[in-house]
Amino acid sequence: MTRAIKSILDVAMEYDAIVLDQWGVLHNGSQPYPGAVTALEALRNAGARLAVLSNSGKRASVNEARIAAMGFAPDLFDQVMTGGEALWRDVRSGRVPERRYFFVERGNGDAEAWADGLEITICDAPEEADAILIMGLPENAAAGDWLDFLDRAMTAGMTVYCSNPDRASPREGNRNILAPGALARTYKANGGNVVFYGKPHRHVFAAVEHYLGGSRLLMVGDSLEHDIAGAHDSDWDSVFVQGGLLRRNFTEGDASDVLAALCHSGALPTPTYQIERLV
């Protein structure tokens, strides 16, 4: 049964390290959530080891800079790991064999920045590539904008790598935007071959475990499908943050009952703890 807690400090020192999601837990894409910086500083001062595990398609260094600019000092974290970082490492090592890619990116230049240090070619059209990498979507993208692209990729028989499996991402103004995982899942549902990098897939949790060591790790996240399910499959405990991606479900009713219903309807594991927001 999930236990409701008031502060992450209530349970933090029972664990060897605490691993935090980024969007929906630390910040909304523009600014930190109230109390989040203070909570992490208190955890660090208490001796907790902290890491970030994010479904960002960009490299870890880009995300370190992003959260530092929002007031999260770099020395708060022992490690930052992202889906984009894990994929980059596998391309460099040869575990991912393709060398010609068509990129779907959030902003111009994201693909070139991600590919720095790799011996790969960035292609201008899907048909010229060995594979497609969906690493981001433009901020106001709509699912319908990509139907022609998905048809072209399917006709060409392209493998799609998706380094951000999230279907949606929280933003300022109490809204969610379309995320790369939604596009990749549409492609997969239509019969396309998709390889996901990021939560809930085991390899990113294993990468964090390898770096942090310890046998008791705690995942703090706002996605039942990615953060909580991935932690469960890796034998980690977890804290579900109500005020992130699924916040609209918690405006009415008992929070414990709402959480239980969400887990039941999605056939998802229940978190160890639940909290309104990171404090």
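Enclosure of atom CG in N108 is not indicated, since only 12 or fewer non-hydrogen atoms of other residues, nucleotides or ligands lie within 6.0 angstrom. Other residues, nucleotides and ligands contribute only 12 or fewer heavy atoms inside 6.0 Å of the CD atom of E252. Environment of CD in E112: sparse, with no more than 12 heavy atoms of neighbouring residues, nucleotides or ligands closer than 6.0 Å. More than 12 heavy atoms of other residues, nucleotides or ligands lie within 6.0 Å of CD in E127, so this atom counts as buried by the packing criterion. Within a 6.0 Å sphere centred on NE2 of H232, heavy atoms belonging to other residues, nucleotides or ligands number 12 at most. Other residues, nucleotides and ligands contribute at most 12 non-hydrogen atoms within 6.0 Å of the CZ atom of R95.
Between E41 and V37, the closest side-chain pair of non-hydrogen atoms falls below 4.5 Å. When side chains are defined from C-beta on, P271 counts as touching L259, because their heavy atoms get closer than 4.5 Å. Looking only at side-chain heavy atoms (C-beta outward), D130 and T159 stay at 4.5 Å or farther from each other. Looking only at side-chain heavy atoms (C-beta outward), D222 and L246 stay at 4.5 Å or farther from each other. Residues M70 and Q31 are not in side-chain contact: their nearest non-hydrogen atoms beyond the backbone lie 4.5 Å or more apart. Between L87 and L133 there is a side-chain heavy-atom pair separated by less than 4.5 Å. A 4.5 Å side-chain heavy-atom check between L43 and L9 finds at least one atom pair inside the cut-off. No side-chain heavy atom of I228 sits under 4.5 Å from any side-chain heavy atom of M219.
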Per-pair distances, 0.1 Å, donor-acceptor, side chain in residues 50-58, under 3.5 Å, sequence neighbours excluded:
{"residue": "S54", "atom": "OG", "partner": "Q22", "partner atom": "NE2", "Å": "3.0"}
{"residue": "S54", "atom": "OG", "partner": "S56", "partner atom": "N", "Å": "3.3"}
{"residue": "N55", "atom": "OD1", "partner": "K199", "partner atom": "N", "Å": "2.7"}
{"residue": "N55", "atom": "ND2", "partner": "D166", "partner atom": "OD1", "Å": "2.9"}
{"residue": "N55", "atom": "ND2", "partner": "K199", "partner atom": "O", "Å": "3.0"}
{"residue": "S56", "atom": "OG", "partner": "K58", "partner atom": "N", "Å": "3.1"}
{"residue": "S56", "atom": "OG", "partner": "N63", "partner atom": "OD1", "Å": "3.4"}
{"residue": "S56", "atom": "OG", "partner": "N63", "partner atom": "ND2", "Å": "3.1"}

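Salt bridge annotation for D237-R216: present, with a cationic side-chain nitrogen under 4.0 angstrom from a carboxylate oxygen. We find that R44 and D78 are joined by a salt bridge, their nearest charged nitrogen and carboxylate oxygen being less than 4.0 Å apart. A salt bridge is absent between E119 and R100: the closest approach of a Lys/Arg side-chain nitrogen to an acidic carboxylate oxygen does not fall below 4.0 angstrom.
The nearest pair of heavy atoms linking H226 to P200 is CD2-CD, 3.2 Å. Considering every non-hydrogen atom in both R59 and W88, the closest pair reads NH1-CE2, 3.3 Å. Of all heavy-atom pairs between L268 and A229, the closest is CD2-CB, 4.4 Å. Of all heavy-atom pairs spanning S7 and V279, the tightest one is OG-O, 3.2 Å. Residues P269 and C263 come closest through the heavy atom pair O-SG, 3.7 Å. Smallest separation of non-hydrogen atoms from M158 and A129: CE-O, 3.2 Å.
Taken to the nearest 0.5 Å, the CG atom of N45 stands 11.0 Å off from the CG atom of L40. A distance of 5.5 Å separates CG of L212 from CD of Q79, quoted to the nearest 0.5 Å. Rounding to the nearest 0.5 Å places CG of D235 at 8.5 Å from CD of E209.
Under the 4.5 Å side-chain contact rule for hydrophobic residues, Y15 and L76 share a cluster. Note on I67: it does not cluster hydrophobically with V208, by side-chain heavy-atom contacts below 4.5 Å among ILVMFWY residues. M13 and I18 fall into different hydrophobic clusters, where Ile, Leu, Val, Met, Phe, Trp and Tyr residues are linked whenever their side-chain heavy atoms come under 4.5 Å apart, directly or through other members. No chain of hydrophobic side-chain contacts below 4.5 Å, direct or via other Ile, Leu, Val, Met, Phe, Trp or Tyr residues, connects W114 to V104. Cluster membership for V25 and I275, using ILVMFWY side-chain heavy atoms within less than 4.5 angstrom, is shared.
A donor-acceptor pair shorter than 3.5 Å can be found between the side chains of E98 and Y161. Between the side chains of D10 and Y273, not a single donor N or O lies within less than 3.5 Å of an accepting N or O. R247 and N176 share a donor-acceptor pair across their side chains, judged by distance under 3.5 Å alone.
Judged by distance alone, with hydrogens and angles left aside, the side-chain atoms of D257 form no donor-acceptor pair with the main-chain N or O of D254 at under 3.5 Å. When atom types are taken as modelled, the side chain of R277 and the backbone of G244 share no donor-acceptor pair closer than 3.5 angstrom. A donor-acceptor contact shorter than 3.5 Å is absent between the side chain of Y211 and the backbone of A206. At distances below 3.5 Å, not a single donor-acceptor pair connects side-chain atoms of D233 with backbone N or O atoms of G230. Side-chain atoms of R185 do not come within 3.5 Å of backbone N or O of P180 as any donor-acceptor pair. Listed for the T38 side chain is no donor-acceptor partner under 3.5 Å among the backbone atoms of G35. Side chain of D145 to backbone of A142: a donor-acceptor contact under 3.5 angstrom is found. For the pair T270 (side chain) and T2 (backbone), a donor-acceptor distance under 3.5 Å is absent. Within the 3.5 Å criterion, the main-chain N or O of A231 finds no donor-acceptor partner in the side chain of S234.
Ring-centre distance between Y197 and H203: below the 6.0 Å cut-off. Annotation: F149 is in aromatic contact with F102 [ring centroid separation under 6.0 Å].
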Stepwise, does the side-chain hydrogen bond (donor to acceptor under 3.5 Å, both in side chains) test hold for R3 with T272?
-> CA-CA 6 Å; R3 171 186 163 194; T272 315; over 6 Å; no
Is there a side-chain contact (heavy atoms from CB on, under 4.5 Å) between L278 and Y33 once you walk through the steps?
-> CA-CA 8 Å; L278 182 63; Y33 288 118; over 6 Å; no
side-chain contact (heavy atoms from CB on, under 4.5 Å) evaluation trace for S163 with I134 = CA-CA 7 Å; S163 53; I134 305 176; over 6 Å; no
Any chance you could lay out the side-chain contact (heavy atoms from CB on, under 4.5 Å) test for F240 and L224, step after step, and finish with the verdict?
-> CA-CA 7 Å; F240 171 68; L224 293 171; 3.7 Å; yes
Decide yes or no on side-chain contact (heavy atoms from CB on, under 4.5 Å) for Q274 and V241, but give the supporting numbers first.
-> CA-CA 6 Å; Q274 67 185 108; V241 178; over 6 Å; no
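Between F205 and W236, the two ring planes are perpendicular [angle over 60°; tilted spans 30° to 60°]. Aromatic ring orientation, F196 versus H201: parallel (interplanar angle below 30°, classes split at 30° and 60°).
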